[in-house]
Amino acid sequence: MARDGSVVPADPQAVVKKKTQSSRSWIMFDATGKGSLLDADKYAIMHRVQIHARDLRILDPLLSYPSTILGREKAIVLNLEHIKAIITAEEVLLRDPTDENVIPVVEELQRRLPQSSAGLQQQDGKEYLGGQNDTEAAEDDAPFEFRALEVALEAICSFLAARTTELEMAAYPALDELTSKISSRNLDRVRKLKSAMTRLTARVQKVRDELEQLLDDDDDMADLYLSRKAGSLSPVSGTGASNWFASSPTLGSRISRASRASLATVRLDENDVEELEMLLEAYFSEIDHTMNKLTTLREYIDDTEDYINIQLDSHRNQLIQLELFLSSGTVCLSFYSLVTAIFGMNIPYTWNDNHDYMFKWVVIVSGVLSAVMFVIITAYARNKGLVGS
C-alpha cells in the first residue's frame, strides 16, 4: 500500500445502492464532486491530511467521542454524530459512506461540491444571476471547505430535527393517554420515551455547544479558513463569496436585500470571520430551535408528572380518610362491645334481680355514646385538616 493510500474510483450510485457490499472505510470527494473509495490505514490518512493521531482518533467509530469541530493547519476534523469527516482545502474524506445515515450526506456532497458556470448567464452584454441559478452560482463562489462544512451542518441539523419530530409524535399521545389512565403499561411507555428524550437532548446540546463555542471565539473560526491559509483562494475576493453568503439557501431568508448589497462592497481583512460567522449562526439557530422543542417536551413531561403526582396524592388522601373512618368506627364499636359484654356476663348480681329493663337501657345508651364519639372524632379530624370535608 502506498504511503498516501490507494484511491479507487467509485460510481456515485454504487455507493448508494450497494449497501450490503463490504466497503472501505473512507470515501474521498474532490472539488469536482467525484467520489473515490480510499483504501488507506490511519497512518496514510494522517500523512495525507497532515493531522495528529489524537485528531484521527476522534473519528474512530469504535470510540465514543462527543460532537466536535476542530480547525487544524490544513484540515477541519468534523465529528458530528454519524458524520465523521476530514475537510481540506481541496478534498473531503468521509468515513463509513455506506451507512444508512451517511448516504444522504454522500449524495448531497456529490451535488453541492462541483463548480458550475451554468448559473452565470449573458443577456444583452450584461451578466446576471436569474431564477434558481442565483443560489447555485453563489454557492460556486464559496470556498471549498465552507461548502463541505455547510453540507455536514445541514445534514446533522436535519437529522436531529427529524429525530426530535419523531419523538414528539410518540411522546405527546403517550403523555395524554397516561393522564387519562394511569397504568403500568402507560407508565413504562412514558419512562422509555423520557429516557430517549434525555439521550437526544444531550446529543443536541453537544452540537449546540460546539457551534456556540466556535461563534464565541474568532480565532477558532479563523482556523477554519483553509483556503485563505493556503493562499489558493480568498473567501472575500471580489463579490463572489459575499454573494454566496448572502444567497445561501439557509442564509438567504435571514439577510435583507440591503444587507446583501452592503456585504458585497465590503472588503474584509484576513482576520475577519464575518462570512463563517453568518454560516454558523444560521445552523446555530436551527439547532437551537430543535433544542427549544426538546425543552418544551421536557416541560410537558414534567407537568404531566406533577399532574400524576397530584392525582396519586388525592387517591392517597382518600385512602387515609377511609382508614380514619374505619378506625373511628372500630373504636366506637369496641366501646359498645365492652359495655354489652360486661352486662352480658353470667354473674349473679343482687341488683340485677327483677331489673331486666336496666340491661336494655345500658345497651341503648352505650350505642348512642358510641355514635356521638364517632361524630366527635370525624369532626375533629376535619377541623385539623386530616381529611377532606
Side-chain angles (χ1 to χ4, degrees), residues 15-16 19 23 25-29 42 45 49 51 54-72 75-87 92-113 145-171 192-215 220 224 250 279-295 297-298:
V15 175
V16 179
K19 295 186 291 182
S23 62
S25 59
W26 295 91
I27 185 172
M28 182 191 70
F29 292 96
K42 62 179 182 179
I45 295 294
V49 298
I51 60 175
R54 64 176 180 271
D55 297 330
L56 188 60
R57 194 178 298 116
I58 295 175
L59 306 180
D60 192 340
L62 300 179
L63 302 177
S64 178
Y65 280 92
S67 297
T68 307
I69 302 176
L70 299 177
R72 294 297 182 248
I76 300 175
V77 181
L78 202 65
N79 178 28
L80 297 175
E81 296 289 331
H82 54 275
I83 303 176
K84 301 179 184 296
I86 302 175
I87 303 173
V92 178
L93 276 70
L94 186 65
R95 189 147 200 165
D96 299 330
T98 56
D99 185 88
E100 61 179 356
N101 294 322
V102 182
I103 288 176
V105 184
V106 174
E107 296 175 339
E108 194 66 14
L109 286 172
Q110 292 169 349
R111 188 182 70 85
R112 300 272 285 275
L113 290 182
E145 65 272 17
F146 285 2
R147 281 181 283 144
L149 179 61
E150 184 175 14
V151 171
L153 291 176
E154 183 178 353
I156 193 62
C157 290
S158 300
F159 175 80
L160 294 176
R163 301 290 83 76
T164 301
T165 302
E166 292 176 0
L167 183 62
E168 286 181 327
M169 294 177 63
K192 293 178 180 179
L193 290 172
K194 185 178 180 180
S195 299
M197 185 206 64
T198 302
R199 292 192 297 268
L200 182 59
T201 301
R203 295 160 60 186
V204 173
Q205 183 67 46
K206 182 55 185 174
V207 176
R208 181 185 181 278
D209 292 344
E210 188 65 23
L211 293 179
E212 185 177 16
Q213 183 179 355
L214 282 174
L215 288 170
D220 288 344
L224 303 183
T250 305
L279 173 65
L280 294 178
E281 281 181 349
Y283 290 103
F284 177 79
S285 299
E286 289 191 20
I287 201 69
D288 188 60
H289 177 67
T290 302
M291 189 67 194
N292 290 336
K293 293 171 66 176
L294 289 173
T295 302
L297 178 58
R298 175 178 289 277

Minimum heavy-atom separation for Ser67 to Glu210, with atom names? O-OE1, 3.7 Å
Minimum heavy-atom distance between Val77 and Asp55, given as atom pair plus value: CG1-O, 3.7 Å
Would you say the side chain of Tyr65 lies within less than 4.5 Å of the side chain of Asp60, judging by non-hydrogen atoms? no
Taking all non-hydrogen atoms of both residues into account, name the closest pair between Pro97 and Ser25 and its distance. CD-O, 4.0 Å
Listed by chain and number, what are the side-chain contact (heavy atoms from CB on, under 4.5 Å) partners of Lys42, not counting sequence neighbours? Leu56
Between Ala85 and Leu59, which heavy-atom pair has the shortest distance, and what is it? O-CD1, 4.0 Å
How about Met197 and Thr201: do any of their side-chain heavy atoms sit closer than 4.5 Å? yes
Test item: Glu107 and Ile103 side chains (from C-beta on) under 4.5 Å apart, heavy atoms: yes
Do Ile86 and Trp26 make a side-chain contact, defined as non-hydrogen atoms from C-beta onward lying under 4.5 Å apart? yes
Test log, rule side-chain hydrogen bond (donor to acceptor under 3.5 Å, both in side chains), inputs Asp209 and Gln205: CA-CA 6 Å; Asp209 292 344; Gln205 183 67 46; 2.7 Å; yes
Mind checking whether Val207 and Phe159 have side chains closer than 4.5 Å, heavy atoms only? no
Among Asp96, Asp99, Asn79, which residue meets the side-chain hydrogen bond (donor to acceptor under 3.5 Å, both in side chains) test with Lys84? Asn79
Is there side-chain contact between Ile27 and Val92, with at least one heavy-atom pair below 4.5 Å? no
Would you name the heavy atoms of Tyr283 and Glu150 that are closest together and state the gap between them? OH-CG, 2.9 Å
Any chance you could measure Glu212, atom CD, to Leu280, atom CG, to the nearest 0.5 Å? 12.0 Å
Please report the interatomic distance CD1(Ile51) to CD1(Ile76), rounded to the nearest 0.5 Å. 12.0 Å
Decide yes or no for Leu211 and Ile69: does some side-chain heavy atom of the first lie under 4.5 Å from some side-chain heavy atom of the second? yes
Is there a donor-acceptor contact under 3.5 Å from the side chain of Glu145 to the main chain of Ile87? no
Report yes if some heavy atom in the side chain of Thr164 is under 4.5 Å from a heavy atom in the side chain of Met291; otherwise report no. no
Is a donor on one side and an acceptor on the other found under 3.5 Å between the side chain of Arg147 and the backbone of Leu113? yes
In sequence, state the C-alpha distance, the side-chain angles, and the governing distance for Ile83 and Leu94, and then conclude on side chain to side chain contact (heavy atoms under 4.5 Å, CB included). CA-CA 8 Å; Ile83 303 176; Leu94 186 65; 4.3 Å; yes
Looking only at non-hydrogen atoms, find the nearest pair between Leu294 and Val204 and report the distance. CD1-CG2, 3.8 Å
Pairs where residues 196-205 contributes a residue and the test salt bridge (Lys or Arg N to Asp or Glu O under 4.0 Å) is met, not counting sequence neighbours: Glu81-Arg203
To the nearest 0.5 Å, tell me how far Thr68 OG1 sits from Gln213 CD. 9.0 Å
With the threshold set at 4.0 Å, does a side-chain nitrogen-carboxylate oxygen contact exist between Arg111 and Glu108? yes
